[in-house]
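Report on the structure given below.
The chains referred to below are lettered A, B, ... by the order of the sequence lines, with proteins before strands, and numbering in each begins at 1.
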Protein chains: 2
Amino acid sequence: MTNPFTDITEKNKQKLLRLLDADILNFNENTNIPKSIIDNNSIGIVVEGYIQIIRINYNGTNALIEELQDNDVFGSSISYLKSSDYIATAKENTKLILIDLNSIINFKENSKSYYNQFIKNLFLILNEKMQDKNRRIQILTRRTIRNKLLEYFNLTSKGTGSKNIYLPFSFIALADYLAVDRSALSREIKYLKEEGFIDVKGKRITLLYK
Amino acid sequence: MTNPFTDITEKNKQKLLRLLDADILNFNENTNIPKSIIDNNSIGIVVEGYIQIIRINYNGTNALIEELQDNDVFGSSISYLKSSDYIATAKENTKLILIDLNSIINFKENSKSYYNQFIKNLFLILNEKMQDKNRRIQILTRRTIRNKLLEYFNLTSKGTGSKNIYLPFSFIALADYLAVDRSALSREIKYLKEEGFIDVKGKRITLLYK
DNA sequence: TGTTAAGTGTTGCAATTGCAACATACTATA
DNA sequence: TATAGTATGTTGCAATTGCAACACTTAACA
């Protein structure tokens, strides 16, 4: 798994961060991250921790828009958030590196190998990250809760090669991920059980079809 | 707007493509692109043309999963498609460059400035592309057609700074983009008109609120 | 310019969903 | 282990949506 500093020595990493004028920020568990940090023209690197970006719907429900974890890169990629009602929360103690995108692009010493390695790493990380986005779009474009669920199951099952799926989060979070009402999700899962498509024990779901 | 060969001379571009063992492929308008090309472990660059990746739903409806246009980069980012029922179609005459991801990562002459520029460009392109993905997720996570429409309107309006929105595609395509039934979309637009939220003339939609 | 295909508008109806309200189960911790 | 807080299960009901069918309009092109 690539991280932004893969194949860069600690010494060169420090030098690079200095030359790029990087900021290092720490957030305690369950503190909110100022919007100005998320939606400015910077590349952010989550060194460690866990951040959720959640949209607050007018009726009090939430939608999970983005999760950021160790080694994730975010940036102008989420600048569309400027116009939205959202909260970014560090759910764990979190350490961020913030680098102005322009200082990355216009870095003077272009020939430095550690700089080039850094860019290559960023590219690889974004390439991987794109998978998650596409996967979610693939799921969200299904039109019924049942089909969203089945798409989620199938993609997950294909990924692990197993008919057993271990939910990595709560059913509440699953409902947010699928962007559907929790109780309606619960109902649909009940139907799928009754019709013999799946078997559910706690957070383990077993696919019984195909 | 960055393209993969920004700030690289034609001569160096050719050298780079040769060293990376790149394939160049042409597709005529309205021909399908073999899946093996889309979902292998390569980075694809759309030199020119327009590709749609569409999922075929069992009931005959479609979902637009991805659009690729001039200078777009795609790659292992869409490898999840392997498991899905989709068709990739060149809607215009299209020229593709295909490069094995490994040969990019393991490129021997790491110090070549054109190579480093190339990676930097790929990074910037993916960073921009991520915006579209996030934007769409932002929209798709709205739970009603009305809210999806309004989110779409708002984000578009914020982007252009205008209350007038020119649909860049048909209402059929809009329905696919929002992942909702076309006739239900049509009905909802009618309601929005009747309630005075919007005004519609052909493909121009004017926001009357706020 | 006539013909055909594609896009758009409309509506009844059944299926699905969100919402609200409440019951029950689980989990952390004082 | 008692208790509070969170998660999950359930259900009636109203709102929303998908679906199908058909009419009408616009665009493409021979």
Side-chain angles (χ1 to χ4, degrees), chain A residues 29-30 52 54-64 89 91-92 139-152 166-195 197-205, chain B residues 29-30 52 54-64 89 91-92 139-152 166-195 197-205:
Chain A
E29 190 175 344
N30 291 319
Q52 282 188 338
I54 289 172
R55 189 187 58 222
I56 313 299
N57 298 329
Y58 67 93
N59 63 355
T61 62
N62 297 330
L64 179 63
T89 309
K91 306 296 284 186
E92 302 171 7
I139 291 167
L140 289 174
T141 49
R142 295 287 178 188
R143 298 198 187 168
T144 61
I145 293 180
R146 170 167 300 211
N147 285 332
K148 284 175 186 173
L149 265 176
L150 293 177
E151 187 74 35
Y152 175 80
Y166 294 85
L167 280 191
F169 38 43
S170 68
F171 282 93
I172 292 176
L174 179 60
D176 281 352
Y177 184 79
L178 303 179
V180 299
D181 182 73
R182 185 198 60 80
S183 69
L185 173 67
S186 184
R187 174 170 45 203
E188 196 59 42
I189 286 175
K190 187 179 68 182
Y191 292 158
L192 284 171
K193 278 192 286 194
E194 284 169 2
E195 295 172 34
F197 288 111
I198 60 170
D199 193 41
V200 181
K201 284 208 183 66
K203 294 202 188 313
R204 192 186 75 216
I205 296 163
Chain B
E29 190 174 345
N30 291 321
Q52 282 187 340
I54 290 173
R55 188 188 57 222
I56 313 299
N57 298 329
Y58 67 93
N59 62 356
T61 62
N62 297 331
L64 179 63
T89 307
K91 307 296 283 186
E92 302 171 6
I139 292 167
L140 290 174
T141 49
R142 295 288 177 188
R143 299 199 185 167
T144 62
I145 293 179
R146 170 167 299 209
N147 285 332
K148 284 175 186 173
L149 264 176
L150 292 178
E151 187 74 36
Y152 174 80
Y166 294 86
L167 279 192
F169 39 42
S170 67
F171 281 93
I172 293 176
L174 180 59
D176 280 351
Y177 183 79
L178 302 180
V180 300
D181 182 72
R182 184 198 60 81
S183 67
L185 174 67
S186 185
R187 174 171 45 203
E188 195 59 43
I189 286 175
K190 187 179 68 182
Y191 292 158
L192 283 171
K193 278 193 288 195
E194 284 170 3
E195 294 172 36
F197 288 111
I198 61 171
D199 194 40
V200 182
K201 286 208 182 67
K203 295 203 188 309
R204 192 186 73 216
I205 296 163

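Nucleotide D/dT16 holds its P atom 10 Å from the CD1 atom of B/Ile145, rounded to whole Å. Here the P atom of nucleotide D/dA7 and the CG atom of A/Leu185 are 15 Å apart, to the nearest Å. Atom NZ in A/Lys148 sits roughly 14 Å away from atom P in C/dT16 (whole-Å rounding). Atom-to-atom, CZ of B/Arg142 to P of D/dT16 comes out at 16 Å; the value is rounded to the nearest Å. As a whole-Å value, the separation of A/Leu174 CG from D/dG9 P is 11 Å. Rounded to whole Å, atom P of D/dG18 lies 12 Å from atom CG of B/Asp176. Atom CD1 in B/Ile189 sits roughly 12 Å away from atom P in D/dT17 (whole-Å rounding). Distance, B/Lys201 NZ to D/dT25 P: 19 Å, rounded to whole Å.
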For this session: For side chain to side chain contact (heavy atoms under 4.5 Å, CB included), just list the numbers for B/Ile54 and B/Thr89, CA-CA rounded to whole Å, side-chain angles, deciding distance to a tenth of an Å, and then say yes or no.
Result: CA-CA 8 Å; B/Ile54 290 173; B/Thr89 307; 5.9 Å; no
Between protein and nucleotides 6-12 of chain C, what N or O pairs are separated by less than 3.5 Å?
from, atom 1, to, atom 2, distance (Å)
C/dT8, OP1, B/Phe171, N, 3.4
C/dT8, OP1, B/Lys203, NZ, 3.0
C/dT8, OP2, B/Phe171, N, 2.9
C/dT8, OP2, B/Ile172, N, 3.2
C/dG9, N7, B/Arg182, NH1, 3.2
C/dG9, O6, B/Arg182, NH2, 3.1
C/dT11, OP2, B/Lys190, NZ, 3.3
C/dG12, O6, B/Arg187, NH1, 3.3

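The aromatic rings of A/Tyr177 and A/Phe169 sit tilted relative to each other, their planes meeting at an angle between 30° and 60°.
The shortest side-chain heavy-atom distance between A/Val180 and A/Leu149 does not fall under the 4.5 Å cut-off. By the 4.5 Å heavy-atom criterion applied to side chains, B/Val200 and B/Leu192 are not counted as neighbours.
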